[in-house]
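Residue numbers begin at 1 in each chain, while the letters A, B, ... track the order of the sequences. Keep in mind the model is a prediction, meaning the values are calculated, not measured.
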Amino acid sequence: MKYQLVKQQPAELPDFLQNLNPEQRKAASTTDGPLLIIAGAGSGKTRVVTFRIAYLLEKGVAPYTILALTFTNKAAQEMKERISAMVGGNTAGKVWAGTFHSIFARILRSEAEHLGYSSSFSIYDSDDSLSVIRSVMNTLGISQQQVPPQGVRSRISGAKNQMIGWQRYAAEAANILEKQTGQIYQEYEKRLRTNNSMDFDDLLLNMIVLLNNFPDILKKYQERFVYIHVDEYQDTNRAQYVAVKLLASGHHNLCVVGDDAQSIYKWRGADIRNILDFQKDYADASIVRLEQNYRSTKTILSAADSVISNNRKQLAKKLWTDNPEGSKITILPARDDREEADMILSSVRSEMNDNFLTAKDFAILYRTNAQSQALEDALRRANIPYTIVGGMSFYKRKEVKDTIAYLRLLVNPSDSESVLRVVNEPPRGLGQTSIQHIKTYADERNITIFEAFEQGQLIGSIQKRAGQAAENFTELVKRFREVKDSLPPAELAVRFVEATGLLKMFKDENTEESLDRWNNVQRLLSNIVEMETREENATLETFLQQIALVSDTDDTDMTQNKIALMTMHAAKGLEFPVVFIAGMEQGLFPMGRAENNPEEHEEERRLFYVGITRARTKLYLSHAERRFKFGELTYAQPSKFIGEISDHLIEYKTGNSPYQKPTPVKQHVVRQQEVKVTRTPFFDDIPQEESYSQIPPEPLTNLRVGLKVRHAQFGVGTIQALTGEGAKAQALVYFATVGKKHLMLQYAKLQPV
DNA sequence: TGGCCGAACCTGGTG
DNA sequence: GGTTCGGCCA
C-alpha cells in the first residue's frame, strides 16, 4: 500500500514530504487547482500547510506570490515560524502570511486613495466603534436605555459581515429596533468616513469594494497571488468568502483547510456553508481528508466523537488514532468555584508528581473569561506560575487607549474620536458643556473637531478660558506633527506623550493604581522602541496599525513554563498534555441562551469538541454546584455535555473535601433551576483561608517542579518532582547526561539556572 | 468644571 | 466582583 502510493507520486517530491502520511502528502503536493483539506482535530493541519508552502518554495515559486490567510495572529505567527525553520527566514519573510485583517489592512493602506481614505487611516477596535455608536445615538436622540448600544454594534457588525450596507439594512428593517439601527448605521458610517477610520469589518468590506470597483487593482492582486491558502475556512464569513473568491479567480490555486466540527464563530458571522459548499463553488476541487489524529489518546478521541455525534449537520469523516488507550476522563465535582479551583490544583500537583510534568504541560480552559478569577486566586495562593491568554486586554486599558489616541492624532488629523477622547485627559479645563458647543460649532461650519478647536477663541458660545484651552491643545499637537517625520517614531512618541502631561498626571496622583497606569503607558512606549529595533523602516503609522490588529491572545509567550488559562475559543489550534475544562454546568456551558436554540446549542457542542481535542493524554472536566456570577451566588446542574460522553470513558473523583458543608443559605429566591442569594451569608459561614485546601504546603526552598538546576557533577537538569521536608527533602531531577536522579537536597546543593 | 457617589450594566467569544 | 455612566454638589 505504502509502496504503491510512493510510486504514484512523482519521484522528484522532496525528501521532507516523505515525513508526511499519504493523505498529508497528497494535500501538501496537490498545488494546482482548488483544494479542500478537511482536517480533523490533531491531524497535523498546520504541518501540512507549512509543508505545502515549503514545497512550493522548493519548486521555485516566488515567496511573494504565496498568500496564506489565517484568523488569528497566533496562527499566522506559528505558520511563519515553521516555514522559516524549513526554508530560512529570508524567503519565509516574503510570503504573505497573516490574518485576513492584517493582510487586507496592508493592501488597503497602499490603495487607500482609491477609496477616498488617506493611507494613514485609523483602525477602530470594537470599543472605539462602540463609543462612536454611543455618540451617534446621542446626536440622534436615541435613548441608550431603550436601545442598548452593544446590540446596535453587533447588529451593524453582523450586517457588515453579510455585506449589507446601511441603505439595504434600513430598507429591509422590519421593526422599530432595526429601523433605528439603520439610522444609527448610516450616521456611524458617515462618522467613520469623516474620521478617516475603518472598523474591523471595514477592513474586509473595503477590500471587496476595492476589488469590485477597480478592475485594474483586482487584476493586479489576482496576478500577484498565485497560490492562496485559507486556514480555518469553516470560520469565514460572507465578506471573507467573497474576498477570497475574487482573489482566487485569477490563478484558481486556492487551498482551504478546515474542519466543520470545529466551527465556533457563527456568532460573528461565520458561515459554515462556505466549507460545506466548497465543492459546489469550485467544481474541479480536489478533496483530501486528514483523519488520523496524532495528538490524543483513544479515550479522548472517543469522548470527542461521542459528543460531536449528537450534532446533525456534519461532513463525513472519522477520526482515528494509533495512540494508546490512555487514562479515563476524570470528572471533578465541586461544591463551589473556589473548591473547583482547588480540586484542579491538587490534580495538577499530582499529575506533576506522578508523571513528571511541569507547569507548561497544563491548560485550564473555560467558557467565559470571567471564570479565570477564581482560578487565578487559587494559582496565586498556591504559588504556581500561570499565564492568562486573552481576557482583559492590555490594549483595552483606558490609559493605553488614551496614549494610542494621542499617537493617532499625530498621524491622522481627521480622527475626531481620538481628539475627543484625550482632549481633557489630563484635565485641561474643557468640560462636556464646552465640548458640546465646539461640536455644534464644527457641525455648523462643516469642519472637523480639531479645526474647530483651533478656532477656540472665536467660538462665542464658550467661555474665553475654554477657548484658550482648546487652542493650546491644538498647538501642542501641531508642534509635534511638524517634527513627526524628522524624529524616529519612538523618540517622537515618548516626547509627545511626555508633553501631553498624561505621565505627570499619573505620577502626581501617586496611588498604586495610578502608578500602575504610568507603567502601562511606559510599556506601550517601550513597544515602539522594540519595534524600531526590530524593523528598519518602522514608522508610527506601522506601529499603530500593528497594535490595532493584535489581541492579547497573540502576544502571550506560550514557551514559558506556566500553566495556560484561556477560553476554549482562544485554545483552538493549541494542544496540551493535560487539559482541564472548568465550569461544566448547565447555563454556563452550554450557555443559557443556547438552551432553546438548536443551532447555538450545536455550536456550543462543537466548542466542547474543540476543548476536548486540545488534550493529548489526560482530560479533566470540573463543575461546581454554585459559583459567583455578577457578584451573586448562582446554582447550576452539571452540564448535559458530560452525559454525552460514553460512561466507560469516565471516572469520578469523589468529593473528599475535608471542609464542612456550609450551613444552608437563607432566603432562596428560586427561579427554574437557579437559586440566587447575595454574597454575604455564604462566606460568613465558612472560614476564609486555606482551611479546606487540598494542596500540600510548598516546600520551603526556592526549588520548584520544572525549574532548571545545576548539579556539580551531573550538569544542568530539570526538577521533575519534590518530596519530603527538612533533612529528608528530595528532588527527582532529569539530567540530559545521566537521566533521572533522586537527590537529597541537603547534600546535592542544586543551583537554579 | 470636576470630583464624588450610587445605579446600572456586565460577562459570550475575536480581529 | 468590576466598570461605566449620570446626577448632584463644591
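- A salt bridge (Lys or Arg N to Asp or Glu O under 4.0 Å) check over residues 423-441 of chain A, counting only residues at least two apart or in different chains, returns the pairs Lys398(A)-Glu425(A).
- Atom CD of Glu599(A) has 12 or fewer neighbouring heavy atoms from other residues, nucleotides or ligands inside a 6.0 Å radius.
- Residues that satisfy the salt bridge (charged side-chain N to carboxylate O under 4.0 Å, His left out) test with Glu471(A), not counting sequence neighbours, are absent from this structure.
- Applying the side chain to side chain contact (heavy atoms under 4.5 Å, CB included) test to Glu376(A) and every residue at least two apart in sequence or in another chain returns Ser372(A), Arg380(A), Tyr386(A), Ile388(A), Leu565(A).
- In this structure, the side chain to side chain contact (heavy atoms under 4.5 Å, CB included) partners of Ala239(A), at least two apart in sequence or on a different chain, are Met163(A), Leu204(A), Ile208(A), Asn237(A).
- Within 4.0 Å (heavy atoms only), Phe71(A) reaches sugar-phosphate atoms of the nucleic acid but no base atom.
- If you measure from atom CD of Gln150(A) to atom P of dC10(B), you get 8 Å, rounded to the nearest angstrom.
- Taking side-chain N and O atoms only, Asn73(A) has no distance below 4.0 Å to OP1 or OP2 of dG15(B).
- Rounded to whole Å, the distance from CD1 on Ile264(A) to P on dT14(B) is 9 Å.
- Taking every side-chain heavy atom of Arg367(A) into account, dG13(B) is the closest of dC10(B), dG15(B), dG13(B).
- Taking atom CG of Asn369(A) as the reference point, atom C1' of dT3(C) lies 15 Å away to the nearest angstrom.
- In this structure, Arg606(A) atom CZ and dG13(B) atom P are separated by 18 Å, rounded to whole Å.
- Every residue two or more places apart in sequence or in another chain that forms a ring-ring contact (aromatic ring centres under 6.0 Å, His included) with Phe104(A) is listed here: Phe100(A).
- Look at NZ on Lys401(A): it is 15 Å from P on dT3(C), rounded to the nearest Å.
- Considering only residues two or more places apart in sequence or on other chains, Tyr117(A) meets the ring-ring contact (aromatic ring centres under 6.0 Å, His included) condition with none of them.
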Taking Watson-Crick and G-U wobble contacts under 3.5 angstrom, with | marking pairs to another strand and [ ] crossing pairs, the secondary structure of DNA chain C is written .|||||||||
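- A search for side-chain hydrogen bond (donor to acceptor under 3.5 Å, both in side chains) contacts involving Thr613(A) returns nothing, not counting sequence neighbours.
- Out of dG15(B), dG13(B), dT11(B), the shortest distance to the side chain of Ser126(A) is found at dG15(B).
- With DNA chain B read from its 5' end, the first of the two nearest nucleotides for Pro148(A) and Asn161(A) is the one closest to Pro148(A).
- Within 4.0 Å (heavy atoms only), Glu232(A) reaches no atom of the nucleic acid at all.
- Between the side chains of Tyr124(A) and Ser197(A), at least one donor N or O sits under 3.5 Å from an acceptor N or O.
- The ring of Phe641(A) has its center no closer than 6.0 angstrom to the ring center of His623(A).
- Distance CD (Glu632(A)) to C1' (dT11(B)): 14 Å, rounded to an integer number of Å.
- The side chain of Pro427(A) has dG2(B) as its nearest neighbour among dG13(B), dG15(B), dG2(B).
- Distance Glu600(A) CD to dG13(B) P: 14 Å, rounded to the nearest Å.
- With the nearest nucleotide of DNA chain B identified for both Thr567(A) and Asn424(A), Asn424(A) has the one nearer the 5' end.
- No side-chain donor-acceptor contact under 3.5 Å links Ser157(A) and Ser154(A).
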What's touching nucleotides 4-8 of chain C from the protein side, N or O pairs under 3.5 Å?
from, atom 1, to, atom 2, distance (Å)
dC5(C), OP1, Arg134(A), NH1, 3.4

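- Rounded to an integer number of Å, the gap from CZ of Arg153(A) to P of dC9(B) is 19 Å.
- Residues passing the ring-ring contact (aromatic ring centres under 6.0 Å, His included) test with Trp518(A), sequence neighbours excluded: none.
- Remark: Phe200(A), Asp201(A) in residues 198-206 of chain A come within less than 4.0 Å of DNA chain B through at least one heavy atom.
- With its ring centre under 5.5 Å from that of the base six-membered ring and a plane angle below 30°, Trp267(A) counts as stacked on dG13(B).
- One can find a donor-acceptor pair under 3.5 Å joining the base of dG12(B) and the side-chain atoms of Glu604(A).
- Partners of His101(A) under the ring-ring contact (aromatic ring centres under 6.0 Å, His included) rule, at least two apart in sequence or in another chain, are Phe200(A).
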